[in-house]
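I have a structure here, written as structure tokens, and I will follow up with some questions on it.
Starting from 1, each residue takes its place in the sequence as its number.
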Amino acid sequence: MAMMDEPRQKRNLIPLKKALERGGFGRTKAYKLIKKGKIIAYKMEGQTMVDADSIDAYHMTLPRIEPST
């Protein structure tokens, strides 16, 4: 019963196809990122759903290219 009392955060899940568009990467890269734990995915009725917030978090970890002077 304790689980029912705890506030639950809603996951921002999107289908893999939309995740590829949002992430700017292909299917193979997406599955590599999922395997490495860089982005989070779930199976829902046989469909791969990706946590859109995890894509944004992954993008925030990418190194910046410094402009040359």
More than 12 heavy atoms from other groups under 6.0 Å of NZ on Lys43: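 Correct, the count exceeds 12.
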Ile40 CD1 to Arg11 CZ distance, which is reported to the nearest 0.5 Å: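 Answer for the CD1-CZ pair, Ile40 versus Arg11, is 8.0 Å.
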NZ/NE/NH1/NH2 to OD/OE distance under 4.0 Å, Arg22 and Asp56: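 Here Arg22 pairs with Asp56 in a salt bridge, since their nearest N and O are under 4.0 Å apart.
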Any side-chain heavy-atom pair of Lys32 and Phe25 under 4.5 Å: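 No - every pair of side-chain heavy atoms lies 4.5 Å or more apart.
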Nearest-0.5 Å distance that lies between atom CG in Asp53 and atom CG in Leu13: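 It is 9.0 Å, given to the nearest 0.5 Å.
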Shared hydrophobic cluster, Ile34 / Tyr58 (ILVMFWY, side-chain heavy atoms < 4.5 Å):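 The answer is yes; both residues are in one hydrophobic cluster.
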Hphob cluster co-occupancy, Leu62 + Val50, side-chain heavy atoms under 4.5 angstrom: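 Yes.
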Beyond-backbone contact of Met49 with Ile14, side-chain heavy atoms, under 4.5 angstrom: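 Answer no - side chains too far apart.
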Same apolar cluster: Tyr31 and Leu33, side chain cutoff 4.5 Å: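 Yes, same cluster.
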Residue Glu66 excluded, over 12 heavy atoms near CD under 6.0 Å: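 Enclosed.
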CG-CD distance between Leu16 and Gln47, expressed to the nearest 0.5 angstrom: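 That separation rounds to 8.5 Å.
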Minimal non-hydrogen separation, Ile55 against Gly23, with atom names: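 Distance-wise, the nearest heavy atoms are CG2-CA, 3.7 Å.
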